[in-house]
2 protein chains.
Amino acid sequence: MPTRLTSKGSATRQRIIEGAAAEIRARGVMVTTLDDVRARTGTSKSQLFHYFPTGKEELLLAVARFEADRVLADQQPQLGELTSWPAWLAWRDKVVARYREQGRHCPLSVLVSQLGRSTPGAQAVVTELMNQWQAQIATGIRAMARAGEISPLLDAERQAAALIAGIQGGVLMLLSTGRTTHLEAALDVAIEGLRRP
Amino acid sequence: MPTRLTSKGSATRQRIIEGAAAEIRARGVMVTTLDDVRARTGTSKSQLFHYFPTGKEELLLAVARFEADRVLADQQPQLGELTSWPAWLAWRDKVVARYREQGRHCPLSVLVSQLGRSTPGAQAVVTELMNQWQAQIATGIRAMARAGEISPLLDAERQAAALIAGIQGGVLMLLSTGRTTHLEAALDVAIEGLRRP
DNA sequence: GATAAATTGGACCCGCAAGTCCAGAAACAG
DNA sequence: CTGTTTCTGGACTTGCGGGTCCAATTTATC
C-alpha cells in the first residue's frame with residue numbers, strides 16, 4: 001500500500017471510484033464485479049488492489065461516500081436557503097425531481113445494504129449524511145420560526161427528524177413502486193404541518 | 001417438481017422456509033448459504049431444489065412472504081381498531097416496541113434489497129404489504145373523521161401515505177443508527193397533525 | 001400388495017469472481 | 001545519473017456456493 005500518492009496515482013484512484021459508481025448506477029451492485037470496474041476504467045486487477053488494499057469492500061465504501069456527497073450537493077442551493085415558504089416549496093420540488101429522475105435505482109441505498117447496515121463504515125457514511133441533512137432542515141425551521149412564520153413552540157429537531165424519516169420512506173416506496181406519491185405526500189403533509197399556526 | 005404435496009412434503013417445505021428465515025434473522029442474507037439452511041433444517045441439497053425448483057431466489061421469495069405476513073400480524077389487533085385516540089397511541093407504542101425489539105436487523109428489508117427491488121416477485125410482496133398497511137391506517141382515519149375527531153377535509157389516503165412513509169423512513173433510520181428517535185418523531189408528528197382541527 | 005408418484009440422500013460438477021504474485025515501466029529524490 | 005518508490009499489467013490460484021444427477025426409500029392410491 002502506497003504511503004503517499006502522486007498526482008497520477010490519485011487521478012487513477014478517482015477514476016476507479018467514479019467508474020465503479022457509474023457501473024453500479026447502470027447495472028446494480030449485485031452484478032457488478034471487479035472485472036467490470038476494471039474494464040470500464042481501463043485498469044488492471046493489481047491497480048484495484050493497489051489503491052484499495054483490503055479489496056472490494058473498501059472500494060464500495062469509497063463509492064458510497066462519493067454518492068452520499070452527491071445527495072446533499074444535488075439539493076443545493078435550495079436546502080441551504082429555507083428562509084421563506086416559496087423557498088421551501090422550491091426545495092420540495094427539487095427533492096421530488098431529483099428522486100423522480102433517479103427512478104428506481106438508488107445507488108446509495110443499494111450500496112449500504114450491500115455493505116451491511118451495521119458495518120461501522122457504512123453506518124458512518126449514512127449517519128453523517130443524515131445528520132447534515134437534518135441539521136440543514138432544522139436550521140431552516142428555526143429561521144422560519146424567527147421570522148414568525150412557524151410557531152416557536154415546535155421542536156425544530158423533532159420536526160426535522162420526522163421530515164427526514166418521511167423523505168427516506170418516500171424514497172423507499174419509490175424504489176419499490178416506481179411512484180413518487182408517497183414521497184410527495186410525506187413532504188407536503190410535513191410542510192403543511194409546519195405551516196399551521 | 002412435484003405436482004402435488006403430501007402432508008409430509010409440505011411440512012418439510014415449511015420447515016425449510018422457517019429455518020431459512022431464522023438463519024437469515026440470525027446472520028443476514030448476505031452470508032447465508034444454502035448449505036447453512038441445509039444444516040439448520042436437517043435437509044439435503046436435493047430437497048431444497050425439490051421444493052424450490054428454480055433455486056435460491058424462489059426460496060428467498062418464500063421467506064420474504066413469510067416475513068411480510070409477520071409485519072402486519074405483529075401490529076394486530078391494534079392496527080385494525082384505530083377508533084379512538086387511546087387506540088392510536090396504543091398502536092403507535094406497539095409499532096415502536098416491535099421495531100425496537102427487532103433492532104438493527106430487518107429481515108424483510110434485507111431480503112428485498114437482496115432480491116433486487118425491481119424484481120417482479122419482490123416488488124409484489126412489498127407493494128402488497130404496503131397496500132394493506134396503508135389501507136388499514138386509512139380506514140382508521142376515516143373512522144375517526146366519522147366520529148368527528150379528525151377534520152373531514154383531510155384526505156385519508158394521502159395522510160395514510162405520508163404516515164407509511166414516515167414509518168418506513170423511521171425504521172430505515174433505526175437500521176442505520178440503532179435509535180428509534182426518528183421512528184417515534186415520525187409517528188408522533190403525524191398523529192399530532194391528524195389531531196389538530 | 002402392487003405400482004406409481006412423491007420424497008430423500010449426498011456425491012459431484014462447474015463457473016465465477018475475489019484475491020495473489022511478480023516482474024517491468026514510470027516517476028521521483030538527491 | 002542513479003537508486004528508490006510508486007505505479008501498472010496480466011497471468012494464475014483458490015475457495016466457495018449454486019445447481020445437477022441418480023439411485024434409494026418412503027408414501028399414497030387402487
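Order of the sequence lines fixes the chain letters, A, B, ..., with proteins taken first and strands second; residue numbering starts at 1 for each chain. Quick caveat, the model's predicted, so the values are computed rather than measured.
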> Which atoms form the tightest heavy-atom contact between A:K94 and A:Q76, and what is the distance?
Replying inline: NZ-O, 3.1 Å
> Atom CD of B:E23 and atom C1' of D:dG17: how far apart are they, to the nearest Å?
Replying inline: 14 Å
>> So if I take every side-chain heavy atom of A:S44 and compare against D:dG17, D:dG10, C:dG10, which nucleotide ends up nearest?
In response: D:dG10
>> Looking at D:dC7, I'd like to know if its phosphate oxygens (OP1 or OP2) sit under 4.0 Å from a side-chain N or O belonging to A:Q47.
In response: no
> Rounding to a whole Å, what distance do you find between A:E58:CD and C:dA18:C1'?
Replying inline: 14 Å
>> Ignoring hydrogens, what is the shortest heavy-atom contact between A:R117 and A:S109? Give both atom names and the distance.
In response: NH2-O, 4.4 Å
>> Tell me the interatomic distance from B:L59, atom CG, to D:dG17, atom P, rounded to whole angstroms.
In response: 15 Å
N/O donor-acceptor pairs under 3.5 Å from side chains in residues 153-163 of chain A, not counting sequence neighbours:
unit_1: A:D155; atom_1: OD1; unit_2: A:E157; atom_2: N; d: 3.0
unit_1: A:D155; atom_1: OD1; unit_2: A:R158; atom_2: N; d: 3.3
unit_1: A:E157; atom_1: OE1; unit_2: A:Q134; atom_2: NE2; d: 3.3
unit_1: A:E157; atom_1: OE2; unit_2: A:R142; atom_2: NH2; d: 2.7
unit_1: A:R158; atom_1: NH2; unit_2: B:E192; atom_2: OE1; d: 3.3
unit_1: A:R158; atom_1: NH2; unit_2: B:E192; atom_2: OE2; d: 2.8

> Rounded to the Å, how far apart are B:M30 CE and D:dC16 P?
Replying inline: 16 Å
> When you check the gap from the basic side-chain N to the acidic O, do B:E184 and B:R92 get nearer than 4.0 Å?
Replying inline: yes
>> On the nucleotide C:dG9, are OP1 or OP2 found under 4.0 Å from the side-chain N or O atoms that B:T43 carries?
In response: no
> A:L60 CG to C:dA17 P: how many Å, rounded?
Replying inline: 14 Å
> Between C:dA18, C:dT8, D:dG18, which nucleotide gets closest to the side-chain atoms of B:H50?
Replying inline: C:dT8
>> For B:W91, run the side-chain hydrogen bond (donor to acceptor under 3.5 Å, both in side chains) check against B:Q136, B:Q78, B:Q75 and tell me which one passes.
In response: B:Q75
> To the nearest angstrom, how far is B:Y51 atom OH from D:dG19 atom P?
Replying inline: 19 Å
> Using rotation axes that map the C1' atoms of four end pairs onto the next four (five pairs an end), what angle separates the end axes of the helix from C:dG1-D:dC30 to C:dG30-D:dC1, to 10°?
Replying inline: 30°
> Once you round it to whole Å, what is the distance between C1' of D:dC16 and CG of B:D35?
Replying inline: 9 Å
>> Show, in sequence, the C-alpha distance, side-chain angles and deciding distance for B:R38 and B:T43, and conclude whether the side-chain hydrogen bond (donor to acceptor under 3.5 Å, both in side chains) test is met.
In response: CA-CA 5 Å; B:R38 220 179 44 61; B:T43 50; over 6 Å; no
Kindly give the atom pairs (protein nitrogen or oxygen, nucleotide nitrogen or oxygen) under 3.5 Å for nucleotides 19-23 of chain C.
unit_1: C:dG19; atom_1: OP2; unit_2: A:K56; atom_2: N; d: 3.2
unit_1: C:dG19; atom_1: N7; unit_2: A:K45; atom_2: NZ; d: 3.1
unit_1: C:dG19; atom_1: O6; unit_2: A:K45; atom_2: NZ; d: 3.0

> Does the pair A:E149 and A:R195 meet the rule for a salt bridge (charged side-chain N to carboxylate O under 4.0 Å, His left out), with working shown?
Replying inline: CA-CA 7 Å; A:E149 297 282 350; A:R195 211 155 181 172; over 6 Å; no
> What is the minimum heavy-atom distance between A:Q132 and A:E128, and which atoms define it?
Replying inline: NE2-OE2, 2.5 Å
> What is the minimum heavy-atom distance between B:Q114 and B:M30, and which atoms define it?
Replying inline: OE1-SD, 3.5 Å
>> Between C1' on C:dT7 and CZ on B:F52, what's the gap in Å once rounded to a whole number?
In response: 14 Å
